[in-house]
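Start at 1 and go down the list; that is how both ligands and their atoms are numbered. As the structure is a computational prediction, the values presented were derived from the model and not from experiment.
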Amino acid sequence: MSERYIAPLATVIGRSHPPRVVSEEVVERDGAAVDAATPARSPSARSRGAPGGYARPLTVTRDGPAAKDSVLGRYGDERLLEPGTTTWLRPLPDEEQSVCVEAVTACLASGKRVVVLVPEVNPVPATARAVLEAFGDRAVAFLGGEPRERYRTWLQIQAGRFDVVVGTRPAVFSPLEDLGLVWISREVHPGHREDRSPYYHVREVAMARARLEEAACVLASLSPSVETAVQVDADAIRTARAARRLERETAPLVETAAPEAEDRSPRLTALLKRARTAALIVSRRGYGIARVCRSCSEPAACAVCRGPIVVERGKPVCRVCGSNGVCANCGSNSFGVERGGTERVAEWAARTAPGPVHVESSGQQPSPLMLGVAVGTAAAVKDVGPLRLDLVGILDADRALGRAGVHAGEQALATWMEAAAWAGPRSDGGRVLVHTRSPAHQAIQALVRWEPLPFLLAQAKGRAEAGFVPGNAVFRVAGSRALDESLTAAGAASVLATGVEGGTLCLVAVPPKALARFREAILRLAGQGEVTRVEAEPQL
Ligand SMILES: [Zn+2]
Ligand SMILES: [Zn+2]
């Protein structure tokens, strides 16, 4: 990690475990720190292949025990756990939780241990819940919590108390011996990337750990990241998918319509009128965007930071700094507003849909598990387990695709697929409606055809043409005026330089082969004061 992300080794080690809470430690006579409350299992009982503790029968599918009728069989169960391999697994929409539980079961049966990684804590993702419930006290949740509790759990993991750890990013470092499987749920989710130094990505750390410890790594997603898609295409990552026939049968029915004002359409109205349950996804929160000041007619901008002003819960606020929205020119808080966003859609949906409407706004998150209509942004699309909504609406697909950032496309498609799966298979009567003016766009076609790879490979091509080949390491480096030349000389394949006050900010791509040399050069340049800051894999 220190090499890959050009971070000091001390920082990497410091981030690989929770902060120490000394009072949680009990030093035994032999000097080993163990958990105070629970005696550790003797190491001999934990040795590889020991049968002890694996006798509890597991009923993990609706149809009975895992041994018969296993869902794992659909995904090539024997290859999935092969040591040192990474596999992209595309679950059928209803099988995300059960296939994970079965893979964990199979791994434990071989006497090895498992880490299951989920991207968020709130609410606890259905995959995490399913694993924790299936394995009872052999599994532990490392999901948020107080520092004392986290450190205590960490000591218990280290003492060999658990065979399965379920957690967010930091759990990828779980001190588990005999690791057999690292499972990453929704690997494209931005929550899998650490946004403090050393800025690691869970996918990369998990793949490296699996290689070093001869474990298997499974990246589970309906639609993977561009990085994963590229490696799948090059056969560097294996693929585990159900038969095409099954994928088609379980895919939702997706139709497109052109949006009209405020992201509505006659088709949406017709579908919403008879929807008892629905999820409507919009890319903007709030009630609308302030366009112009009503007092002085200047374009609306925040008086504090010049950022855009949005209307949320009836009040103008700055989207960037959160200040009360007042005109930067005259101080007025009365604006001409372009209506649109979760709150405006919810207001309209309440008059149209037969049931109640729940809306995402600051501090509130609707759940598609509630009866009625949930209106939210991509942030509301979470792992909630199999659902059968009458309607899933993607109301401003074009705006979501047009967002800035190299990951916008892959994340939009992954979000849409996760939300679309809530409509259930086409035979169940649920509908997915996508508003778009470009129904032939590859991302829209990926959703309609329920096949993400062609779009993701096209995204990879676009990135490569811009100088950022997927698989190359990307850094944002700040430093002196001539920094771009130094970085090119250090082995960067591509350098985008921007002049900033007193120096240069560079976005660089470095091929894996050149990384060691590049790192040495960066450390040397930092020593000379030419480099002041390095951020790995910035959110672009
Ligand atoms: Zn502001
Ligand atoms: Zn004004």
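The SG atom of C318 and the SG atom of C302 meet at the Zn ion (ligand 1) at an angle of about 110°, given to 10°. Seen from the Zn ion (ligand 2), atom SG of C293 and atom SG of C330 lie 100° apart in angle, a value rounded to 10°. To the nearest 10 degrees, the angle centred on the Zn ion (ligand 2) between SG in C327 and SG in C296 reads 110°.
The environment of CD in Q528 is crowded: more than 12 heavy-atom neighbours from other residues, nucleotides or ligands sit within 6.0 Å.
A side-chain donor-acceptor contact under 3.5 Å links T153 to the backbone of E149.
In this structure, F518 has its ring center closer than 6.0 angstrom to the ring center of F475.
In this pair, Y200 and F173 present their aromatic rings perpendicular. The plane angle is above 60°, beyond the 30 to 60° band.
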